[in-house]
Amino acid sequence: MAFKAFHNINSATDGQEVQLVAIGDNASNIKSILLTNIDTAAITASLYLKETSTDTRYYLLYQVSLPVGASLLLDNDDMLSFNNNPGGYSLNLLLGSTSDLINVLIKK
């Protein structure tokens, strides 16, 4: 999977768990991630790194509530830096409902 910077996610069609950056995308140096609630209700989102070999999750955000129209900017590149080489980690988003709408913008 090639790195994709912009994600328009609808959990009804894309699923509640979405891989934003796949292992091997060489996106280790992420500078920022912007999550924006584009739904008509508050949504809950978790953002985590996943180690494939052990299926272990390391949460950057855990069940954060985003009110209608709210955005959350993560811009500490030390926190967002991770091993994204083959054998490393993927970046994933988990939504709290089967009908959430969210935009995710990732800057490298």
Side-chain angles (χ1 to χ4, degrees):
M1 174 172 159
F3 174 76
K4 183 177 170 187
F6 305 109
H7 301 266
N8 186 26
I9 299 167
N10 178 344
S11 63
T13 56
D14 299 321
Q16 283 180 260
E17 193 166 355
V18 178
Q19 186 176 71
L20 301 172
V21 178
I23 291 174
D25 278 354
N26 295 318
S28 300
N29 296 323
I30 292 176
K31 301 298 181 199
S32 66
I33 300 172
L34 180 67
L35 305 172
T36 302
N37 180 356
I38 58 169
D39 207 331
T40 57
I43 64 173
T44 301
S46 296
L47 186 68
Y48 62 92
L49 301 175
K50 184 175 179 182
E51 184 177 13
T52 302
S53 62
T54 63
D55 208 32
T56 304
R57 295 178 183 195
Y58 301 95
Y59 287 91
L60 302 171
L61 299 174
Y62 185 72
Q63 295 183 354
V64 172
S65 180
L66 290 172
V68 175
S71 294
L72 176 61
L73 176 63
L74 304 173
D75 62 352
N76 182 327
D77 56 350
D78 288 336
M79 179 184 73
L80 299 173
S81 179
F82 63 97
N83 176 2
N84 184 238
N85 296 322
Y89 301 87
S90 61
L91 178 66
N92 302 272
L93 178 70
L94 178 63
L95 298 169
S97 169
T98 58
S99 61
D100 289 336
L101 302 172
I102 189 170
N103 282 160
V104 181
L105 286 72
I106 302 171
K107 181 180 178 187
K108 291 196 327 176

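Remember, predicted model here, so these are calculated numbers, not experimental data.
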Main-chain N/O of A41 paired with N37 side-chain donor or acceptor, under 3.5 Å = yes
inquiry  = With a 4.5 Å cut-off on side-chain heavy atoms, are L95 and L93 touching?
reply    = yes
message = Tell me whether S28 contacts the main-chain N or O of N84 through its side chain, where contact means a donor paired with an acceptor under 3.5 Å.
response = yes
ask   = Are any side-chain N or O atoms of D25 and backbone N or O atoms of A22, one a donor and one an acceptor, separated by less than 3.5 Å?
value = yes
inquiry  = Quick one: does any side-chain atom of N76 pair with a main-chain N or O of M79 as donor and acceptor, under 3.5 Å?
reply    = yes
Between CG on residue L94 and CG on residue L61, distance to nearest 0.5 Å = 11.5 Å
ask   = Given the rule that I, L, V, M, F, W and Y join up when any side-chain heavy atoms are under 4.5 Å apart, are V18 and V21 in one cluster?
value = yes
query = What do you reckon, is OH of Y59 surrounded by more than 12 foreign heavy atoms closer than 6.0 Å?
reply = yes
ask   = Do F3 and L47 belong together in a cluster built from hydrophobic side chains that touch within less than 4.5 Å?
value = yes
remark   = So CG of L80 and CG of N29: to nearest 0.5 Å the spacing works out to 10.5 Å
ask   = Do T56 side-chain atoms and E51 backbone N/O form a donor-acceptor pair below 3.5 Å?
value = no
ask   = Is the ring centre of Y89 less than 6.0 Å from the ring centre of F82?
value = no
ask   = Counting N and O atoms only, with roles assigned by atom type, does the side chain of D100 sit under 3.5 Å from a partner on the main chain of S97, one being a donor and the other an acceptor?
value = yes
query = Roughly how far, to the nearest 0.5 Å, is CD1 of I30 from NZ of K108?
reply = 8.0 Å
Polar contact flag, side-chain donor to acceptor under 3.5 angstrom, N8-N103 = yes
Short side-chain to backbone donor-acceptor contact, Q19 and N92, under 3.5 Å = no
ask   = Is the shortest heavy-atom distance from the side chain of D39 to the side chain of I102 under 4.5 Å?
value = no
ask   = What distance do S46 atom OG and R57 atom CZ have between them, rounded to the nearest 0.5 Å?
value = 8.5 Å
message = According to a hydrophobic-cluster definition based on side-chain heavy atoms being under 4.5 Å apart (Ile, Leu, Val, Met, Phe, Trp, Tyr only), do L91 and L34 belong together?
response = no
Donor-acceptor contacts under 3.5 Å from residues 65-75 side chains, at least two apart:
{"from": "S71", "atom 1": "OG", "to": "T36", "atom 2": "OG1", "distance (Å)": "2.9"}

query = To the nearest 0.5 Å, what is the distance between CG (D77) and OG (S32)?
reply = 9.0 Å
task = Would you mind reporting whether V104 and L20 have side-chain heavy atoms less than 4.5 Å apart?
result = yes
key: Linked, directly or transitively: L60 and I106 (ILVMFWY side chains, under 4.5 Å)   = yes
key: Heavy-atom pair with the smallest gap, counting every atom of H7 and K4   = NE2-O, 2.9 Å
inquiry  = Is it true that, when you exclude F6 itself, more than 12 heavy atoms of the residues, nucleotides or ligands shown sit nearer than 6.0 Å to its CZ?
reply    = no
